[in-house]
Amino acid sequence: MKLFLDKQLNTDDKETAIMAILNGMYCNKYGHLSTSISLIGYEMTGKFLKTSNKRERTIIDGIKSGVHSLIEKGIIDVISQDNDNYIFSGKGLEVNSDKKKFVVLEQWEMQRIFEKANKPFNVFSFFCSLIGTINNQTKEWHMSQDEMVSLWGYGKETVNDYLDQLEKMQLIYVYRHKKRRSNGTYYKLNNSYGRYCDKDAVIAEALKYSDAVECEDFFEKLDRRAIKLRYNAYCNDAKKYRNNFDAEVDLCRQCIAYNKSLKYKPVEGYYDGEYKQGELLDLSVFPDEVRNAADDNWGEPVPMEHDFSIEDILDMPTEGEVLSEPILTNIDCMGQNELCKNVSHCAKLHSELFCVAEKDSDLIDIDDLY
């Protein structure tokens with residue numbers, strides 16, 4: 001079942017979820033919708049909810065709250081009601097794409113969110129907002145998290161949390177550009193994102209987007225000694241990595257970076273009286289699925305003129321620092337078929353020179369290798 005959400009409708013998180021499921025359930029043929037709180041919960045989650053379960057009871061209470069507030073606001077209209085059983089008129093539930101613009105979702109996407117998310121109403125509402133920005137032709141868009149915070153009213157940590165949850169659910173795919181603008185501003189290029197099922201299209205369009213902007217690559221500093229210690233712990237069956245796919249992928253990515261850095265600056269000298277081992281790390285110790293996940297989006301090293309630590313990079317403003325409201329697209333994506341090439345900025349980065357002591361000589365930045 002497809003769910004439709006009017007883009008111009010101003011609703012809170014609970015109301016957004018209720019409107020999406022009611023629009024999906026409604027049929028123009030009958031002119032009304034007969035349903036109940038229990039049935040709405042079933043369509044929303046894929047199972048009948050029980051009040052004896054705390055999590056499911058919270059969802060039931062959220063459904064009741066959302067239905068009542070939509071009625072009070074006059075967004076939907078009740079023809080008849082008997083306790084938690086309703087007959088709604090077609091008001092607010094008609095889907096006419098000629099007159100309104102809708103975000104189109106899949107019922108299974110909603111059900112997965114309500115199954116796995118820690119705050120399902122909030123995460124679903126965020127998902128709707130995010131999907132509403134995606135270009136319907138290219139299957140990709142690129143908005144900074146600062147813009148998401150400003151436009152949708154979430155905190156930065158919340159945005160990061162919701163994006164992380166949606167990625168783990170494989171509902172969205174995020175391509176993280178390891179690039180920044182080469183115009184002296186050092187703005188990081190916005191991440192590209194889209195539905196997970198459109199992963200290949202997202203990557204293809206992300207590369208077109210980065211090619212259309214004058215950019216340069218940047219790389220994080222590598223603590224090669226720490227990576228080697230973590231790698232050895234993994235090989236010795238450390239508890240941290242048991243049944244922890246995300247931790248394995250993260251370590252594998254670090255090991256890939258370690259091996260790449262050795263190609264440009266081999267390990268030399270001694271450390272605490274012991275020779276620094278400079279052999280490549282054997283990545284075959286990782287399962288195939290871990291290596292495949294870790295290889296995503298890893299680019300080849302490119303020399304940089306400046307040297308930045310990871311802290312410097314994280315403090316850099318993104319290219320969306322000066323906000324302009326995006327054109328939300330799904331059915332109608334006019335205005336986003338052309339790549340965004342002109343972005344204005346209002347911040348300037350102030351950087352300082354710094355030195356590295358001999359004891360820190362194994363903290364390698366790929367930029368130093370040229």
Quick one: side-chain contact (heavy atoms from CB on, under 4.5 Å) partners of D84, sequence neighbours excluded?
-> I37, K64
Indicate, with yes or no, if F245 and L251 share a hydrophobic cluster defined by side-chain heavy-atom contacts under 4.5 Å among Ile, Leu, Val, Met, Phe, Trp and Tyr.
-> yes
Are M169 and W108 linked, directly or through other ILVMFWY residues, by side chains that come within less than 4.5 angstrom of each other?
-> yes
Within the 6.0 Å centroid threshold, strictly below: F121 and F114 = yes
Those residues that, when tested against Q81, pass side-chain contact (heavy atoms from CB on, under 4.5 Å) (two or more places apart) | V78, Y86
Sequence neighbours excluded, which residues qualify as salt bridge (Lys or Arg N to Asp or Glu O under 4.0 Å) partners of K2?
-> E106
Flag, side chain of D61 to backbone of T58, donor-acceptor distance under 3.5 Å | no
Extract all donor-acceptor atom pairs below 3.5 Å that involve side chains of residues 282-289 and protein atoms in other chains or at least two apart in sequence.
from: D282; atom 1: OD1; to: S284; atom 2: N; distance (Å): 3.0
from: D282; atom 1: OD1; to: S284; atom 2: OG; distance (Å): 2.6
from: D282; atom 1: OD2; to: S284; atom 2: OG; distance (Å): 2.9
from: D288; atom 1: OD1; to: R291; atom 2: NH2; distance (Å): 2.5

Return yes if some donor-acceptor pair links the side-chain N/O of E56 with the main-chain N/O of K54 below 3.5 Å, else return no.
-> no
Answer yes if L229 and I256 sit in the same cluster of Ile, Leu, Val, Met, Phe, Trp and Tyr residues linked by side chain heavy atoms under 4.5 Å apart, and no otherwise.
-> no
Measure the NZ-CG distance between K91 and L70 for me, rounded to the nearest 0.5 Å.
-> 11.0 Å
Got a donor-acceptor contact below 3.5 angstrom from the D6 side chain to the F102 backbone?
-> no
Could you list the residues that satisfy salt bridge (Lys or Arg N to Asp or Glu O under 4.0 Å) with E248, not counting sequence neighbours?
-> none
N259 side chain vs L281 backbone, donor-acceptor pair below 3.5 Å | yes
Applying ring-ring contact (aromatic ring centres under 6.0 Å, His included), which residue pairs with at least one partner in residues 13-51 are found, sequence neighbours left out?
-> Y42-F48
Say you draw a straight line from CE of M143 to OG of S129; how long is it, rounded to the nearest 0.5 Å?
-> 9.0 Å
Side-chain donor/acceptor of S150 to backbone N/O of E147, under 3.5 Å | no
Below 3.5 Å, can you tabulate the donor-acceptor pairs from side chains in residues 9-21 to any protein atom, sequence neighbours excluded?
from: T11; atom 1: OG1; to: T16; atom 2: OG1; distance (Å): 2.7
from: D12; atom 1: OD1; to: K14; atom 2: N; distance (Å): 3.2
from: D12; atom 1: OD1; to: E15; atom 2: N; distance (Å): 2.8
from: D13; atom 1: OD1; to: S125; atom 2: OG; distance (Å): 2.9
from: D13; atom 1: OD2; to: N122; atom 2: ND2; distance (Å): 3.1
from: E15; atom 1: OE1; to: D12; atom 2: N; distance (Å): 3.0
from: E15; atom 1: OE1; to: K73; atom 2: NZ; distance (Å): 2.9
from: E15; atom 1: OE2; to: S69; atom 2: OG; distance (Å): 2.8
from: E15; atom 1: OE2; to: K73; atom 2: NZ; distance (Å): 3.0
from: T16; atom 1: OG1; to: D12; atom 2: O; distance (Å): 2.8

For ring pair (Phe, Tyr, Trp, His ring centres under 6.0 Å), just list the numbers for Y193 and W141, CA-CA rounded to whole Å, side-chain angles, deciding distance to a tenth of an Å, and then say yes or no.
-> CA-CA 6 Å; Y193 53 84; W141 195 238; 8.3 Å; no
With sequence neighbours left out, what residues match D246 under side-chain contact (heavy atoms from CB on, under 4.5 Å)?
-> K168, N244
Connected hydrophobic set around I87, excluding itself, where side chains approach under 4.5 Å | I79
Residue list, side-chain contact (heavy atoms from CB on, under 4.5 Å) with N118, at least two apart or on another chain | V123, D161, Q165
Audit row: Y175, H142, ring pair (Phe, Tyr, Trp, His ring centres under 6.0 Å) steps and yes/no | CA-CA 9 Å; Y175 183 98; H142 34 268; over 10 Å; no
Can you tell me if E205 uses its side chain to pair, donor with acceptor, with the backbone of E140 under 3.5 Å?
-> no
Hey, does the side chain of N53 reach the backbone of R55 with a donor-acceptor pair shorter than 3.5 angstrom?
-> yes
Short side-chain to backbone donor-acceptor contact, Q107 and E43, under 3.5 Å = yes
Residue pairs passing the salt bridge (Lys or Arg N to Asp or Glu O under 4.0 Å) test where at least one lies in residues 230-245, sequence neighbours excluded | D237-R242
Can you sort out the partners of N160 under side-chain hydrogen bond (donor to acceptor under 3.5 Å, both in side chains), two or more places apart, ordered by chain and number?
-> Q145
